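Worksheet: one structure, shown below.
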Amino acid sequence: MTSKATFESILGCFRRHQVEGDEVMDWQVFSEVLRKLDPEFCSDTLLENFRLCFSEIQDESVRAIRIEEALKWIFCSSVKLKRSTSLKKQKTDEFDTEALRVRTASGAVILAMKAEELETVERLREKVGDVLGRCVDEVKLIAFERQLEDGESCRELVTHEFAAGKGCLEVLVVTQQIPQLDPALPVLDQLEVLKAMIMSSSVEYQIDAATHLRKVLSVEANPPIDRVLELDVAPRLLELSQQMANPQLQFETLWAVLNIVSGNARQTQAIVDLDAVPIIINIMRESSTPDVQEQAIWAIGNIAGDSVQHRDLCLQSEGMPAVLQVLESTTKISCIRNAVWTISNFFRGAPKPRLDDLKPALPVLTRHLRKSSDTDVLTDALWSMSYISDGEYNYIQSVIDSGICDRLVELLAHPSQMVHTPALRTVGNLVTGDDAQTDAVLSCKPLPSVMQLTTSTKMKIRKECCWMLSNICAGPLYQVVQIRDAGFFERFVITARDPELSVRKEAAFCITNASERPEVVGDLMDADCMTVMHELMDSHDGKLQDLCLTFISNLQKALTSLSAEYSERFYAAFPIQDIEELEENAGSASIRSKAQKLIRQMQSKTSTESPEACPESPDGLDAPPESEDEDLD
């Protein structure tokens with residue numbers, strides 16, 4: 001017979017649906033409660049049989065049920081209810097040694113266990129779930145008029161029951177189905193259902209929920225990241241992503257996480273605050289599944305690209321060694337692409353990371369630059385090189401020491417703009433270094449490819465070429481001569497007439513920097529640089545006005561070493577009245593002052609007809625202007 005405690009537990013479930021003070025319950029309500037308590041066994045046929053049988057012991061028609069009497073009848077009578085399994089077990093006398101029985105609300109015994117088989121309540125729930133074909137989260141066990149907790153020992157519970165002289169412990173199983181998605185409704189309207197599914201212990205439900213979450217987060221326009229964060233499932237996603245025994249679950253949960261960190265800074269911070277960075281990096285290190293590794297790398301790449309602070313957190317958490325470990329072992333092209341892209345996010349940003357944190361990646365990037373033909377891999381590896389070379393001497397030298405300069409020059413001629421743009425930026429950064437570093441680049445013969453790029457239809461490419469060449473033109477004479485011999489003086493005249501002001505300005509830097517070397521002034525004049533610089537004098541841009549004045553001053557000083565023909569051409573190209581006009585249109589007081597001093601110099605030289613006797617300008621006009629090293633992206 002069922003224990004009194006179990007009977008009272010079931011009776012309590014019905015009392016909650018009974019009108020206070022009533023002794024009876026409507027049959028319809030009674031049957032619905034019974035069906036909820038035991039949906040597996042309480043079919044329509046069984047309930048009808050019960051109604052007919054119970055009417056035999058109750059005088060009136062079964063419209064209102066006396067609950068206590070009805071439940072006693074269920075548990076105690078031997079009428080033909082669905083209890084055949086239990087009766088068959090009794091005929092074998094197996095129950096004599098049973099310590100625990102699990103019954104449904106209809107009284108059917110679905111599991112009986114001996115004392116030596118008992119473990120925890122959690123394990124018992126799992127066994128009951130297996131018998132019923134239910135997720136363990138759908139199974140609740142009741143005894144002693146309360147729900148049993150997972151951590152409790154079944155052996156101790158049985159001991160308590162035996163000590164009370166009640167024999168076998170009777171446990172009631174109540175099932176409650178986990179909500180599932182309604183395919184007729186939009187998923188976004190069922191986020192609470194997804195939460196219930198992912199919070200369950202059913203792996204099947206967890207994977208299904210994680211898959212739907214990452215799908216709704218994958219939409220390009222306005223992904224509902226905030227709604228998912230408000231659902232408070234992010235901690236659960238990170239928890240499940242660490243289930244190394246289930247790569248599919250890891251894959252789906254990590255995908256959802258990386259979609260969240262692809263959002264804005266606040267949304268990314270919400271994930272970082274959950275200690276996600278070390279968790280994801282550890283998954284990257286420990287997982288042997290390429291798809292999981294790739295999702296982890298992608299997520300870290302998104303976090304590192306969000307801000308300098310997050311980049312540094314990823315580096316401090318040993319993100320670089322973890323990414324390199326995967327990059328060195330994987331052959332999956334999409335994983336290689338994401339790994340190289342993530343490294344580029346480790347390299348970028350100001351202030352720059354410590355060089356020691358970046359150096360381990362240089363040999364790996366160099367190998368991929370030499371061996372890979374994939375455009376995405378080449379592009380991100382080159383941007384990494386451009387970021388590290390945009391800095392002080394040691395950063396530039398680390399790239400040169402990697403032995404990649406010749407490959408950088410080769411990639412200047414790559415047909416894809418995605419590739420030759422960062423290649424050009426890197427080469428341009430390298431020639432901002434000292435003379436030896438610039439020589440290391442020039443020895444790889446980049447100038448023919450750069451000449452071709454100056455004709456690009458892309459303004460930024462033309463500007464970048466002139467910026468790079470202007471820095472070489474600011475170097476020693478032998479480097480300027482290489483620029484001249486490659487035919488760039490004539491090219492400068494063309495680019496100085498470019499439709500874009502920024503390109504014209506960089507071309508003016510090239511011409512003016514080269515004019516600091518008297519040995520090539522005659523070549524500049526022969527290339528018609530005077531004409532184009534005279535044209536630029538009409539600009540209202542203050543930097544261009546300053547460059548023109550410096551160029552005129554440099555040419556005037558160099559006339560002493562040139563034939564009289566060059567002097568005549570110079571004074572014809574730059575009459576004093578034109579410089580006076582520039583003075584009137586000067587964009588600043590410093591430009592106006594510089595023009596006035598140049599006018600006095602030229603007037604003095606013209607009146608004495610002895611340019612070489614003119615004293616040097618006291619304001620240091622011979623100092624070469626520096627090229628604007630700005631961000632040209």
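All of these numbers come straight from a predicted model, not from anything done at the bench. Side-chain atoms are counted along with the backbone in the values below, which use heavy atoms only and exclude waters and symmetry mates.
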Does any N or O in the side chain of [X] come within less than 3.5 Å of the main-chain N or O of [Y], such that one atom is a donor and the other an acceptor?
X: Lys195; Y: Leu231; answer: yes
X: Glu138; Y: Cys135; answer: yes
X: Gln190; Y: Asp182; answer: yes
X: Thr342; Y: Asn338; answer: yes
X: Gln206; Y: Leu240; answer: no
X: Arg125; Y: Val139; answer: yes
X: Asp150; Y: Val121; answer: no
X: Thr253; Y: Gln250; answer: yes
X: Glu286; Y: Ile283; answer: no
X: Ser372; Y: Leu369; answer: no

Other residues, nucleotides, ligands: >12 heavy atoms within 6.0 Å of [X] [atom1]:
X: Glu204; atom1: CD; value: no
X: Arg348; atom1: CZ; value: no
X: Glu116; atom1: CD; value: yes

Margin query: Run the side-chain contact (heavy atoms from CB on, under 4.5 Å) test on Ile207 and Asn246 for me, step by step, so that the C-alpha distance in whole Å, both residues' side-chain angles and the decisive distance to 0.1 Å come before the verdict.
Written below: CA-CA 10 Å; Ile207 292 175; Asn246 196 322; 4.1 Å; yes

With the threshold set at 4.0 Å, does a side-chain nitrogen-carboxylate oxygen contact exist between [X] and [Y]?
X: Arg266; Y: Asp226; result: yes
X: Glu117; Y: Lys127; result: no
X: Glu119; Y: Arg155; result: no
X: Arg227; Y: Glu230; result: no
X: Arg337; Y: Asp374; result: yes
X: Glu170; Y: Arg103; result: yes

Check: So, do Thr104 and Val174 sit near enough that their side-chain heavy atoms are less than 4.5 Å apart?
Finding: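 No, every pair of side-chain atoms sits at 4.5 Å or beyond.
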
Notebook entry, point to check: Honestly, is Lys352 close enough over Tyr387, meaning NZ or CZ under 6.0 Å from the six-membered ring centre and within 45° of the axis?
Noted result: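 No, a cation-pi geometry is absent between Lys352 and Tyr387.
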
Next item on the list: Check Phe347 against Ser384 and note the closest heavy-atom contact, atom names and distance.
Entry: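 Distance-wise, the nearest heavy atoms are CD2-O, 3.2 Å.
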
Check: Out of Gln243, Arg236, Gln242, which one pairs with Glu239 under the side chain to side chain donor-acceptor pair (under 3.5 Å) rule?
Finding: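 Exactly one candidate clears the test, Arg236.
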
Next item on the list: Could you list the residues that satisfy salt bridge (charged side-chain N to carboxylate O under 4.0 Å, His left out) with Lys332, not counting sequence neighbours?
Entry: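 Salt bridge (charged side-chain N to carboxylate O under 4.0 Å, His left out) list for Lys332, sorted by chain: Asp291, Glu294.
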
